[in-house]
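A short worksheet on the structure shown next.
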Amino acid sequence: GKVDWTSSTRGFVIRRNNSVVQFTIGNGSSNEHTQVASYEADKWTHFYGTISDDADGSKVVKFYVNGALIDTETAGYYADAASRDMQIGFASLLNASESDFIGFAANVNLYTVALEQPQIKSIMNKNYAGLTSSETDNLVSWWNLDIETDPDGTAGTGGVKDSHGTKHGTIS
């Protein structure tokens, strides 16, 4: 299903498009940066995206799969995580080739800085409890996605807990 954190305009989306996983950073229009990657059934695959400033003031979007850099794009626009949804596994109803991602998601996180490849490799197999103190520097939110909670992060159903911050989510 879909996990929403703010409004109806998407900012970060992971979904299936035909036989590949599609990871999108953008605003739901032509200002999107999308990378696709094939995946192996019944095997964990780690997807990671970063956005940082380039020397000329533009934005650099990088996509990683299993800790390896697979693509770098220059962007004039980037998704503002403070005002956009983060949707995991949800397909757009506007594109018939997109499908909900059928699988498991875990350890979704948001930092205020773009992590470097060694940092990405270090956290890719950890949950929140396994992070070192330096790995929580610049961390905004971390969703283990292993226990259903109330949408406010307390005991209950219908939501997911932000283990580091207060951006608890809803499941729909």
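Along the sequence shown, residues are numbered consecutively beginning with 1.
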So, Asn138 side chain and Tyr111 main chain: donor-acceptor pair closer than 3.5 Å or not?
no
Joint hydrophobic cluster, Val61 plus Ile70, side-chain heavy atoms closer than 4.5 Å:
yes
To the nearest 0.5 Å, what is the distance between CG on Leu115 and NZ on Lys62?
11.5 Å
What is the minimum heavy-atom distance between Pro151 and Gly158, and which atoms define it?
CG-O, 3.6 Å
Okay, side chain of Asp54, backbone of Asp56: is any donor-acceptor separation there less than 3.5 Å?
no
Are Ile123 and Asn109 packed together at the side-chain level, in the sense that at least one heavy-atom pair is separated by less than 4.5 angstrom?
yes
Can a salt bridge be assigned to the pair Glu148 and Lys161 using a cut-off of 4.0 Å between side-chain N and carboxylate O?
no
Kindly work out whether a path of hydrophobic side-chain contacts (I/L/V/M/F/W/Y, heavy atoms less than 4.5 Å apart) joins Leu69 to Phe63.
no
Apply side chain to side chain contact (heavy atoms under 4.5 Å, CB included) to Thr166 and list each qualifying residue two or more places apart in sequence or on a separate chain.
none
Are Val60 and Asp53 packed together at the side-chain level, in the sense that at least one heavy-atom pair is separated by less than 4.5 angstrom?
no
Might you point out which heavy atoms bring Ala114 and Thr50 nearest each other, and give the distance in Å?
CB-CB, 3.7 Å
Is Tyr128 reachable from Leu110 through a run of hydrophobic residues whose side-chain heavy atoms are each under 4.5 Å from the next?
no
Please answer whether the main-chain N or O of Ser141 pairs with a side-chain N or O of His164 as donor and acceptor at a distance below 3.5 Å.
no
Is there side-chain contact between Leu145 and Asn107, with heavy atoms separated by less than 4.5 Å?
no
Is there a donor-acceptor contact under 3.5 Å from the side chain of Asn144 to the main chain of Asp146?
no
So Thr45 and Val65, side-chain contact (heavy atoms from CB on, under 4.5 Å) or not? Walk me through it.
CA-CA 7 Å; Thr45 303; Val65 175; 3.7 Å; yes
Could you pull out the closest heavy-atom pair between Gly159 and Ile171, with the gap in Å?
O-CD1, 3.7 Å
Go through Leu131 and Trp142 one step at a time and tell me if the side-chain contact (heavy atoms from CB on, under 4.5 Å) criterion holds.
CA-CA 10 Å; Leu131 297 176; Trp142 187 287; 3.7 Å; yes
Report yes if the side chains of Val113 and Asp137 come closer than 4.5 Å at any heavy-atom pair, otherwise no.
no
Under a 3.5 Å distance rule, please check whether Trp44 uses its side chain to pair with a backbone N or O of Ala105 as donor and acceptor.
no
Assign the ring pair Tyr64 / Tyr48 to parallel, tilted or perpendicular, where the plane angle (0 to 90°) is split at 30° and 60°.
perpendicular
Ignoring hydrogens and angles, tell me if any N or O in the side chain of Asp162 forms a donor-acceptor pair with the backbone of Gly153 under 3.5 Å.
no
With a 4.5 Å limit on heavy-atom distance, are the side chains of Ile120 and His46 in contact?
yes
Are Leu139 and Trp143 connected, step by step, through hydrophobic side chains (Ile, Leu, Val, Met, Phe, Trp, Tyr) whose heavy atoms are closer than 4.5 Å?
no
Please determine whether the number of non-hydrogen atoms from other residues, nucleotides or ligands lying under 6.0 Å from atom CD of Gln117 exceeds 12.
yes
Following the transitive rule for hydrophobic clusters with a side-chain heavy-atom cut-off under 4.5 Å over Ile, Leu, Val, Met, Phe, Trp and Tyr, establish whether Met124 and Val140 coincide in one cluster.
no
